[in-house]
There are 2 protein chains.
Amino acid sequence: MTLSEEDYIKTIYHLAKGEGHSITTNAIADQMETKPSSVTDMLKKLSDKNLVNYKKYKGVSLTEKGAITALSIVRKHRLWEVFLVDKLDFAWDEVHEVAEQLEHIKSDKLIDKLDNYLGNPRVDPHGDPIPTKEGAFKKSVKKLISELPVGCQGVCVGVNDSSAAFLKFLDKNRISLGDTLTILEKEDFDGSVSIAINEKEMRISDQIASNLFLEVLENK
Amino acid sequence: MTLSEEDYIKTIYHLAKGEGHSITTNAIADQMETKPSSVTDMLKKLSDKNLVNYKKYKGVSLTEKGAITALSIVRKHRLWEVFLVDKLDFAWDEVHEVAEQLEHIKSDKLIDKLDNYLGNPRVDPHGDPIPTKEGAFKKSVKKLISELPVGCQGVCVGVNDSSAAFLKFLDKNRISLGDTLTILEKEDFDGSVSIAINEKEMRISDQIASNLFLEVLENK
DNA sequence: ACAAATATTTAGTTTTGTCTAAATTTATTT
DNA sequence: AAATAAATTTAGACAAAACTAAATATTTGT
């Protein structure tokens with residue numbers, strides 16, 4: 001597969017939001033900042049290779065083979081994002097461009113070893129799920145800490161209250177978006193929550209827990 | 001710079017062994033497994049971009065600008081090799097192909113951070129020196145441990161005596177080619193040498209020290 | 001249902017990097 | 001110093017992936 005073919009497959013996958021429905025030529029052209037005629041050319045080629053179902057004027061969807069390819073690219077992209085953030089200390093919002101390049105590196109052994117090295121993460125720094133080698137993965141949902149049960153693990157992906165005071169609190173306690181957080185215990189009495197974050201444990205008040213969004217894997 | 005241009009620059013650099021002498025069209029074609037006519041085409045393009053000095057029928061050499069480019073690619077290649085061996089546990093002889101791909105990733109920030117993460121290594125797993133960001137680097141030489149002074153650091157790159165007994169000794173003591181080794185102390189009495197390797201210290205006999213080659217940076 | 005608007009495809013070019021075959025230059029023999 | 005051999009370049013062609021402009025389908029509005 002060429003680099004360009006991989007980019008098309010990935011774009012179709014994302015536009016279909018992981019589902020198999022039909023995507024229009026123009027949607028792909030807009031997303032990829034290219035011309036519709038270029039898209040048509042490529043769709044013919046991908047169709048010849050059995051990666052997409054393409055009917056003239058009727059849009060396109062990924063075949064089984066195309067979906068497997070897409071998931072493998074998504075897996076690589078997200079694993080590299082974890083590497084960049086966890087190991088190289090990139091901020092979660094500056095990794096995309098580099099991961100776009102790294103995702104095209106061809107070596108199954110590399111990805112296996114990287115996965116292990118990173119501790120087989122299930123989500124990337126944006127909280128998006130990482131497909132397994134076999135192409136399986138759970139969907140993720142965004143919920144407030146206060147809405148989640150004990151034992152949940154997820155990634156901090158947003159705040160409800162973006163007041164300066166709250167952001168300052170997060171900063172002082174070294175909680176950043178992109179950090180992985182586990183819910184250890186919930187106190188019925190005052191709604192406070194014990195969490196593990198960045199290798200440390202701490203307790204946060206109900207007020208904090210109701211203002212911080214976690215991206216967690218759907219429970220089935 | 002395109003991927004292909006980078007490959008040509010790197011090939012010219014390696015064929016000239018880091019020096020500025022003139023390389024023939026056929027030598028490049030052989031090395032890159034391509035046709036001489038393709039090489040001629042590319043040399044014209046690289047010459048237009050001021051990356052090489054090219055005179056028809058007279059061979060080619062890198063310009064200052066070309067040499068800087070080459071060193072930056074070599075730096076990336078070798079840093080990725082260190083990553084693959086030190087962090088992902090690849091064997092030193094299986095990293096080349098993957099590093100050939102990784103060396104083309106474009107991000108200065110990535111390479112800076114990778115360099116730091118790896119502890120700013122001076123040599124790659126083959127013992128070859130890693131150029132600095134500024135393009136400076138020392139040559140390396142291959143010497144027996146017994147020939148080197150206290151304080152030297154280098155990479156194990158070969159054995160003099162490849163008898164089964166010797167290889168078994170290395171294996172039992174978890175010394176592999178590609179490991180980094182520092183000479184801590186030398187005992188005049190029996191020629192034995194204290195070394196640090198793989199985060200451990202150990203003492204080896206004169207006989208071992210005279211059979212294990214280290215690739216070390218030239219002292220000046 | 002039909003005209004207008006929009007979406008998509010086709011046809012024909014362009015650029016990059018490659019190739020083959022022919023022409024030219026340089027090197028080597030005798 | 002020719003003649004031959006080897007190396008190199010030129011000319012012309014091709015495939016991939018993009019583009020523009022024109023043609024054709026589909027959808028929408030009335």
Side-chain angles (χ1 to χ4, degrees), chain A residues 1-16 21-63 65-66 69-70 73 100-101 103-106, chain B residues 1-16 21-63 65-66 69-70 73 100-101 103-106:
Chain A
M1 284 214 62
T2 69
L3 205 136
S4 187
E5 285 169 356
E6 290 192 352
D7 283 339
Y8 274 95
I9 292 291
K10 199 183 52 157
T11 299
I12 295 167
Y13 175 84
H14 284 308
L15 287 173
H21 57 79
S22 198
I23 302 301
T24 67
T25 300
N26 272 11
I28 298 170
D30 284 353
Q31 178 70 32
M32 299 187 70
E33 297 188 317
T34 183
K35 303 292 165 181
S37 55
S38 308
V39 175
T40 302
D41 287 347
M42 182 57 89
L43 292 184
K44 284 180 192 162
K45 202 209 289 193
L46 294 175
S47 184
D48 289 346
K49 292 193 175 187
N50 259 300
L51 291 161
V52 300
N53 302 117
Y54 170 58
K55 276 276 170 63
K56 268 194 202 179
Y57 297 104
K58 299 295 179 192
V60 71
S61 62
L62 294 179
T63 61
K65 189 177 162 196
T69 305
I73 300 168
E100 290 273 288
Q101 297 181 61
E103 74 191 5
H104 297 293
I105 302 292
K106 278 163 192 55
Chain B
M1 284 215 57
T2 68
L3 206 137
S4 187
E5 286 170 356
E6 289 192 352
D7 283 337
Y8 274 95
I9 292 290
K10 197 183 52 156
T11 300
I12 295 167
Y13 175 84
H14 284 308
L15 287 173
H21 57 78
S22 199
I23 301 301
T24 67
T25 300
N26 271 12
I28 298 170
D30 284 355
Q31 178 70 33
M32 299 188 67
E33 297 188 318
T34 182
K35 303 294 166 182
S37 55
S38 307
V39 176
T40 302
D41 288 345
M42 183 56 91
L43 292 185
K44 284 181 193 161
K45 202 210 288 194
L46 294 175
S47 183
D48 289 345
K49 293 194 176 185
N50 258 303
L51 291 161
V52 301
N53 302 116
Y54 170 58
K55 273 280 171 57
K56 269 193 200 179
Y57 297 104
K58 298 296 179 190
V60 70
S61 63
L62 294 179
T63 61
K65 187 176 161 195
T69 304
I73 300 167
E100 290 273 286
Q101 296 181 61
E103 74 190 3
H104 296 294
I105 303 291
K106 277 163 192 54

Subject >> For B:K44, all residues meeting side-chain contact (heavy atoms from CB on, under 4.5 Å), sequence neighbours excluded >> reply: B:T40, B:Y54
Subject >> Rounded distance (Å) that lies between atom P of C:dT9 and atom CG of A:L43 >> reply: 7 Å
Subject >> Nearest-angstrom distance from the residue atom CG of B:L46 to P of C:dT16 >> reply: 13 Å
Original post:
Under 4.0 Å between a side-chain N or O of B:S4 and OP1 or OP2 of C:dT18?
Top reply: yes
Subject >> Spacing of B:D41 atom CG relative to D:dT8 atom C1', expressed in whole Å >> reply: 12 Å
**OP:** Please determine if a side-chain N or O atom of A:N26 lies less than 4.0 Å away from the OP1 or OP2 oxygen of C:dT6.
**Re:** no
Pick out the pairs of N or O atoms, protein on one side and nucleotides 20-23 of chain C on the other, that lie under 3.5 Å.
residue, atom, partner, partner atom, Å
C:dT20, O4, B:S37, OG, 3.0

**OP:** Rounded off to whole Å, could you give me the CE-to-C1' distance for the A:M42 and C:dT9 pair?
**Re:** 16 Å
Original post:
So which one's nearest nucleotide on DNA chain D is more toward 5', A:M32 or B:T24?
Top reply: B:T24
**OP:** Measure the distance from NZ on A:K56 to C1' on D:dA25 and round it to the nearest whole Å.
**Re:** 10 Å
**OP:** Round to the nearest Å and state the distance from A:E33 atom CD to D:dA18 atom C1'.
**Re:** 15 Å
Subject >> N/O (side chain, A:Y8) to phosphate O (OP1/OP2, D:dA18) under 4.0 Å >> reply: yes
Subject >> Under the salt bridge (charged side-chain N to carboxylate O under 4.0 Å, His left out) test, residues paired with A:K106 that sit two or more places apart >> reply: A:E6
Subject >> Length of the line joining A:D30:CG and C:dA7:P, which is rounded to integer Å >> reply: 9 Å
**OP:** Specify the separation, in whole Å, of atom NZ of A:K55 and atom C1' of D:dA25.
**Re:** 16 Å
**OP:** For B:S61, check side-chain contact (heavy atoms from CB on, under 4.5 Å) against everything at least two apart and list the hits.
**Re:** B:N53
**OP:** Please name all residues satisfying side-chain contact (heavy atoms from CB on, under 4.5 Å) with A:Q31, sequence neighbours left out, ordered by chain then number.
**Re:** A:T11, A:L15
Original post:
Between B:T2 and C:dT16, is there a side-chain N or O to OP1/OP2 distance below 4.0 Å?
Top reply: no
Original post:
With sequence neighbours left out, what residues match B:K49 under salt bridge (charged side-chain N to carboxylate O under 4.0 Å, His left out)?
Top reply: B:E5
Subject >> Validation row: A:V39, A:Y8 side chains within 4.5 angstrom (heavy atoms) >> reply: yes
**OP:** Please examine the side chains of A:L62 and A:T69, heavy atoms only from C-beta on, and report whether any two atoms are closer than 4.5 Å.
**Re:** no
